[in-house]
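Notes follow the structure.
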Amino acid sequence: MFGNHSCTAIYWDKDGNIFGASVSKGEGGRIVVLKAVFSDPKITDFSDSLLDVYNRLAPGESHTIILASRFEGAICMDLNLPNLPHAEMEKALSFELPRHIPVPVEEITWSYRIIGNVREEGKPSSLVKVRIMAVSRKSWDSSVAGIVDSGIKADSATHPFMVFNVLPDNPEFILEDPNELLKLFPGMPEDVSHDKVHLSQKFSGLEGFLNYTPVQKTGLLVCLLIGESILDGTVSPDNIKISSLPDIVRPQRFRLVRYSAAALLIVVLLLGAVLLARNWWDVRTRYGQITAEKQRISAKINEFKQERLKNKKIDELIKKIDETEPGNYELIQCLSALSQKLPSSMWITMFSTRDDEMDLTICTTKDQSAQTDLAALNNIPIFSNFSIRSTRRDSDGTLTIFVHIVYQSKFKRQKGKNG
Amino acid sequence: MDRIASLISTNRKAVAGIAVVCVLFLVVVALYWKEIVNFWPSGEKIRNELSGLEKLHQELQKEIIEVQNIRQVRQAFIKQGKDFWVPKRDGDIESNIIKKVEEVAKSSGLKLQNIGNARPTKVNEDISFLEINIEAKASMEEISRFIAELYKTNPCFYWRKCVLRPFNPRDAKDIVLSGTLNVVSLTSDNVAKVLMGEEK
């Protein structure tokens, strides 16, 4: 998904001819050559010429830009070494290089790329083939100065040998022979010739290839080799670079998108922070209110409990007084009610009370209506449980009725309340 | 990993310092975990607090009702304080209560035939009853007036027993009153203070 889909390779040879090609992945595994340009012979200054080629190629922001050159005094070799982590491999090579390079290590800029496992008798061994490219520091610095002067942007600067899978016996010669270069493309026949074969099986957009001069063909093929290697993922800008280019040369891709993303991230973080702060504030406020309310209620309950505790003795005494039965103190009310409600045909001959219980002896001469008349006493609110215990007929015809009434105790001690 | 290992090996002092700070941070977090949690209370904690608050509200309502009831009873008791004999306020009950009954009888025009000695009955340390037997022979009007006057008098006289019968069954002019009066005496100092208004 994030692989290289487009690549722009710019190569310059020993004579200062600059070649450039923009390629991208096409359908069916073919590579589309978007543009192929060559330096204008009228522009003699290297930097100007490089800028001209670059501008005509007009690589987009998504293009991986590789610069390649046959650096003066470049030394390339393959060594078989144990597969080591990057740091240790660098250490090992820094020890190994002085034995293979006739110049002091301090005077060179070097890099390496692991090509793959070494096969011994057809079987993979624990050793790896490491390609080392050493360029004199002077040549490297001079090339970088030219690149910086031109003002172009590039991801990496390399030597064409770094993308070769196999290092030929006479590599310098290959870089000048288009036929030999063609053989380096995977799937090409042994008798391939730049006069006969066109690269339509592999590339599209190279219809004018046969019309190019051998020098142009050579330069373009180097660019295509680099472009193909980058696009198929065989190499990456980082593992073919001889050394890192200055930051000023490195392309700033998708600056707007990155700045927008950064701004968006800041806004999201700010909004998130505001949301969190607001949430925290709300929660704290609510929690504080609940806690304060709980404390207030607890204090109130405690106050009530203290009051009850303080008055416990007196309250218990009041309760005890309520439970006592000192007697009927509203005797006058009872007598008043009886005298008012007793029918005129009846009279009380005896009144006896013990606490709330009353026994009456009532006499009447009108025994026919006695039952109805006594019903009036039954409806007096302050009395309950009105009952006739017995009756007696006297010799003079008087009917004596023995009545039992219970005074309703709820009226006890209402005097104080009523004033 | 190699890069991290080499970074650690080259910055041993800084790594040791950071490790100490991390350990201290963890200790502080462990020690003040409760406060940290309270700093940003969770929804569940808020719900628990609300539930606790609801229970407290219910308890408060119950307490308010109970206290209101108790206060009402207490107020009523204080209001009817004169119904009880409080020795600290009213003096010695045994020597004074008979005088009180005699005064009421005299004011109502009733001549008591007999008035018994005051008999104290202790309900508990703070409450005691004092019973007095009385007997009288008078007209119903005089007896009624006496009972009515007694009703109005303080302290409150309770009728433990009361018998009203005609002296002569064939003549209702003279009525015999035979009764036992009861007075409630409150001896507690606390009650005395409350009823005398010294304490609410």
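Numbers restart at 1 for each chain; the letters A, B, ... are given by sequence-line order, proteins then strands. Being a predicted model, the structure only gives us computed values, none of them experimental.
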Top contributor to chain A interface from [options] [non-hydrogen pairs under 4.5 Å]:
| options | value |
| --- | --- |
| B:Lys62, B:Arg165, B:Arg71 | B:Arg71 |
| B:Val163, B:Leu164, B:Leu60 | B:Leu164 |
| B:Asp126, B:Ile64, B:Leu53 | B:Leu53 |

Quiz item: Taking all non-hydrogen atoms of both residues, which atom of A:Thr364 and which atom of A:Trp347 are closest, and how far apart?
Solution: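 Looking at all heavy atoms of both residues, the closest pair is CA-CZ3, 4.1 Å.
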Quiz item: In terms of ring plane angle, is the pair A:His86 and A:Tyr112 parallel, tilted or perpendicular, where the classes change at 30° and 60°?
Solution: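 Ring orientation, 0 to 90° scale: parallel.
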I'd like to know if [X] and [Y] make a salt bridge, using a cut-off of under 4.0 Å between side-chain N and carboxylate O.
| X | Y | value |
| --- | --- | --- |
| A:Asp355 | B:Arg160 | yes |
| A:Arg308 | B:Glu63 | yes |
| B:Arg145 | B:Glu141 | yes |
| A:Arg296 | A:Glu293 | yes |

Checking heavy atoms, do the side chain of [X], its backbone, both or neither come under 4.5 Å from chain B?
| X | result |
| --- | --- |
| A:Arg354 | both |
| A:Gln333 | side chain |
| A:Ile314 | side chain |
| A:Asp315 | side chain |
| A:Leu335 | side chain |
| A:Lys313 | side chain |
| A:Lys320 | both |

Quiz prompt | Residue-level contacts of residues 271-282 of chain A with chain B, using a heavy-atom cutoff under 4.5 Å | solution =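 Residues A:Leu276, A:Asn279, A:Trp280 are the ones that qualify, each having a heavy atom under 4.5 Å from chain B.
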Exercise. For each of A:Met350, A:Glu357, A:Glu307, tally heavy-atom pairs with chain B at distances under 4.5 Å, and name the one with the top tally.
Key: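 Option with the top pair count is A:Glu307.
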